[in-house]
2 protein chains.
Amino acid sequence: MKNKKLPTIKEIAKQLNISVSTVSRALHDHPSIGLRTKSRVQELAKELGYEPNQTAIFFKQRRTFTIGVVLPYLIEDFFAGAISGIEEVVNASKYNVLIGQSNDDVEREKAIITAMKNQRVDGIIVSLSKHTKNLDHFTALERYDLPVVFFDRVPASNTYNKVAFDMPHGTHQAISFLMEKGHRRIGIINGPKEMKSSKERTDTYMQVLQKKRLKIDLSLVAYCDLTKEGTSLAMETLLALKHPPTAILAINDYVALDAIQYAKSKNLINNKDIFFVSYANLPISKYLENPPMASIEQYPKKQGEKAAEILLSMITHEGPDPLEPQNILIPGELVVHIR
Amino acid sequence: MKNKKLPTIKEIAKQLNISVSTVSRALHDHPSIGLRTKSRVQELAKELGYEPNQTAIFFKQRRTFTIGVVLPYLIEDFFAGAISGIEEVVNASKYNVLIGQSNDDVEREKAIITAMKNQRVDGIIVSLSKHTKNLDHFTALERYDLPVVFFDRVPASNTYNKVAFDMPHGTHQAISFLMEKGHRRIGIINGPKEMKSSKERTDTYMQVLQKKRLKIDLSLVAYCDLTKEGTSLAMETLLALKHPPTAILAINDYVALDAIQYAKSKNLINNKDIFFVSYANLPISKYLENPPMASIEQYPKKQGEKAAEILLSMITHEGPDPLEPQNILIPGELVVHIR
DNA sequence: AAAAAACAAACAAACGTTTGCGCTGAATTA
DNA sequence: TAATTCAGCGCAAACGTTTGTTTGTTTTTT
């Protein structure tokens, strides 16, 4: 016996012979409604099992209490962790989370952004696809006063709000660690050149070497597309050098693991003939017999939380003057697996 | 120079001196609108950068093209994979995905369901929190004609639509595999006794042994709380048996890895002194020197896809007679790592 | 040439809620 | 007693869109 028509504010009004505005105000505990009326309304509402139609409210209020999150792959621990942080923060303020995976595809990223804009999300949190160069689909959002916060994979321009891993700090730690272990020829496997982190990593690398008065050899810096094949190619070029590196800094643990496999296929034993340090500190490292020597924890949840906080403050912020774009750096921590 | 007011259908109508209904129909390529008018409307729409206000449409159409997904933890590979499957399927039909993590907390699960219902999602996909016994918050949804599909952690009752791993089939494979390898004393590390899968696993185990006319020794069946400590305890009891198992079937790869670590601490070498088979087939297994001998792939993405397909068909399905509740079992596949 | 059919566009209601304003009657004040 | 206040509630517009019905105009038919 289904009750096809859901109870509305109108229905309550009719049954009590009062106006809808009174019902609305009564349900919101508005001061100009008499106590007697209020309780009559609230009782009937409960009795009928009334629940406000959020789509109507969203429409009327011109806000949806929903924020969009766009990221490359949900399945990567880093991003899943970031989402948890985001969800926790926004839920505390009654916001919901709409998710879109770009699969590292720029076109998909654009499509998701458009859909979210039309759905009238109140704000968007983004981690860029690995090949996003053109940011037009984000600047377009300014026209709609739609706040955006980037995290982890952030654009270079600092006209945007962003939260990211403190690459100089982390990379400095990593390279210093390797140098303390005696390494002088340290290779790098970066991501694609479009990624801001690739440049940052290289820059810090050069700074550290310069400080130590070591000569810089840019042939030690390789780029890869983050796939297993790309990693193998990068390894191939690095190992083919006249003076190959004795240690390698890899963009993340996944790449490091692929690189280690490649090295093994060339009869180079990890943590003996060659050494790796990478970023992410995946939980699985604990189970590896032969993990990267060290990995830098990037605190994904903290990044997500911070991004969500900034977004919420932008959403809440009234007034014509926009808040200054924030550029938050989350310091990582070098976790040593092999001493 | 911000264009605060977004262009609406009304605006277009005013500028062209025609009615809003004509504009609406023109934008939808309605046959009763003249060619000339159509193109005038469409051109102006493009020029103004008109985008339909989805909140208004949602409200008017009484559907949101959004489906809700409720699951325990996004960070678990299995669930992240399932989401990807869900997203892929529903996106192809222009649906969006609203996510809620229950964190295995029943109250949170209820709150999420209520919020999603009020948001008027068109349907919900759920993987139950591990402590959910009472299903009232789901039966309540029938009143709203809100279709629900469960996956992975499904209720026992078959009045619901559900998609789950085929436990008997998978477990049969696993045990047969171990027996072919010559093992006769096979231990089990289950999850908590409350989990439906624990019982299913044990049942199948007994059936297989019975078929092979082997005597059943229930002291070989251990339970754990899925933590590292719980796993160690389970291992301790199993190894302390008078006739300890030569192989162990573990509820999932994480538990297997903890168990392997424990065994190692007792100087039992994995894949030599003792053997493991587990469920999940985590991608990281490829990088392990010493993985479980085999693991059962549960195809999370396929489970997600199937659940999404069923949900979409329910959403699309018109008519008073509801579709028969489906109970889909997704067969797993034993992936052998060590031969 | 008149009637019928076909086309093109306008009208208006509806979806459920919020909210500024106005109205009524009773209580308070002068 | 008359003027003022104010508590308590109703009216109506508005948010942007869709869609059934109606109106007016042109074309076709007989």
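All values below were derived from every heavy atom in this structure, side-chain atoms included, with hydrogens, water molecules and symmetry-related copies excluded. Here is the naming used below: chain letters follow the sequence lines, and residue numbers restart at 1 for every chain.
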Novice: Can you figure out which of dG10(D), dT19(D), dT18(C) approaches the side chain of Ser19(A) most closely?
Specialist: dG10(D)
Novice: Roughly how many Å is it from CD1 in Ile57(B) to P in dT18(D), rounded to a whole number?
Specialist: 5 Å
Novice: Confirm from the modelled atom types if Ser21(A) and dC11(D) form a donor-acceptor pair under 3.5 Å, side chain to base only.
Specialist: yes
Novice: Would you call the rings of Phe78(B) and Phe151(B) parallel, tilted or perpendicular if under 30° counts as parallel and over 60° as perpendicular?
Specialist: parallel
Novice: Mark yes or no for a side-chain to base donor-acceptor pair under 3.5 Å between Arg40(A) and dG8(D), with no hydrogen or angle criteria applied.
Specialist: no
Novice: Under 4.0 Å, counting only non-hydrogen atoms across every strand here, what does Tyr50(B) touch: a base, just sugar-phosphate, or nothing?
Specialist: sugar-phosphate
Novice: Under a plain distance cut-off of 3.5 Å, with no hydrogens placed, do Glu194(A) and Thr132(A) share a side-chain donor-acceptor pair?
Specialist: no
Novice: Would you tell me whether Thr22(A) and Ser19(A) have side-chain atoms, one donor and one acceptor, within less than 3.5 Å of each other?
Specialist: yes
Novice: Figure out the NZ/C1' separation between Lys14(A) and dG16(C), and round it to whole Å.
Specialist: 14 Å
Novice: For Asn53(B) and for Arg25(B), locate the closest nucleotide of DNA chain D by heavy-atom distance; then report the residue assigned to the nucleotide nearer the 5' terminus.
Specialist: Asn53(B)
Novice: Measure from NE2 on His30(A) to C1' on dT19(C) and round the result to the nearest Å.
Specialist: 8 Å
Novice: In degrees, rounded to 10°, what is the bend between the two ends of the helix from dA1(C)-dT30(D) to dA30(C)-dT1(D), using five pairs at each?
Specialist: 50°
Novice: Given atom CD of Gln61(A) and atom P of dA14(D), what is their separation to the nearest angstrom?
Specialist: 17 Å
Novice: Rounding to a whole Å, what distance do you find between Glu51(B):CD and dT17(D):P?
Specialist: 11 Å
Novice: Which of the following nucleotides, dG16(D), dT18(C), dT18(D), is nearest to the side chain of Phe59(B)?
Specialist: dG16(D)
Novice: Within the structure shown, what part of the strands sits under 4.0 Å from Thr37(B) by heavy-atom distance: base, sugar-phosphate, or nothing?
Specialist: sugar-phosphate
Novice: Reckon Lys10(A) has a side-chain N or O less than 4.0 Å from the OP1 or OP2 of dC15(C)?
Specialist: yes
Novice: By nearest heavy atom, map Val23(B) and Lys60(B) onto DNA chain C; which one lands nearer the 5' end?
Specialist: Val23(B)
Novice: Strictly below 4.0 Å: does Thr22(B) bring a side-chain N or O up to OP1 or OP2 of dA9(C)?
Specialist: no
Novice: For Ile12(B) and dT18(D), give me the distance from atom CD1 to atom P, rounded to whole Å.
Specialist: 11 Å
Novice: Does the pair Lys110(A)/Glu107(A) count as a salt bridge with the N-to-O cut at 4.0 Å?
Specialist: yes
Novice: Once you round it to whole Å, what is the distance between C1' of dA7(D) and CZ of Arg36(A)?
Specialist: 17 Å
Novice: Can you tell which of dT17(C), dT18(C), dT18(D) lies closest to the side chain of His28(A)?
Specialist: dT18(C)
Novice: Please tell me whether Thr55(A) and Gln119(B) have a donor and an acceptor in their side chains that are separated by less than 3.5 angstrom.
Specialist: no
Novice: Assess the side chains of His131(A) and Ser129(A): does a donor N or O sit below 3.5 Å from an acceptor N or O?
Specialist: no
Novice: Does the ring centre of Phe150(A) sit less than 6.0 Å away from the ring centre of Phe138(A)?
Specialist: yes
Novice: For dT18(C), does either OP1 or OP2 sit under 4.0 Å from a side-chain N or O belonging to Ser24(A)?
Specialist: yes
Novice: Within the distance-only criterion (no hydrogens, no angle test), does the side chain of Gln326(B) pair as donor or acceptor with the backbone N or O of Asn161(B) below 3.5 angstrom?
Specialist: no
Novice: Please report, rounded to the nearest Å, how far the P atom of dT18(C) is from the CG atom of Leu27(A).
Specialist: 8 Å
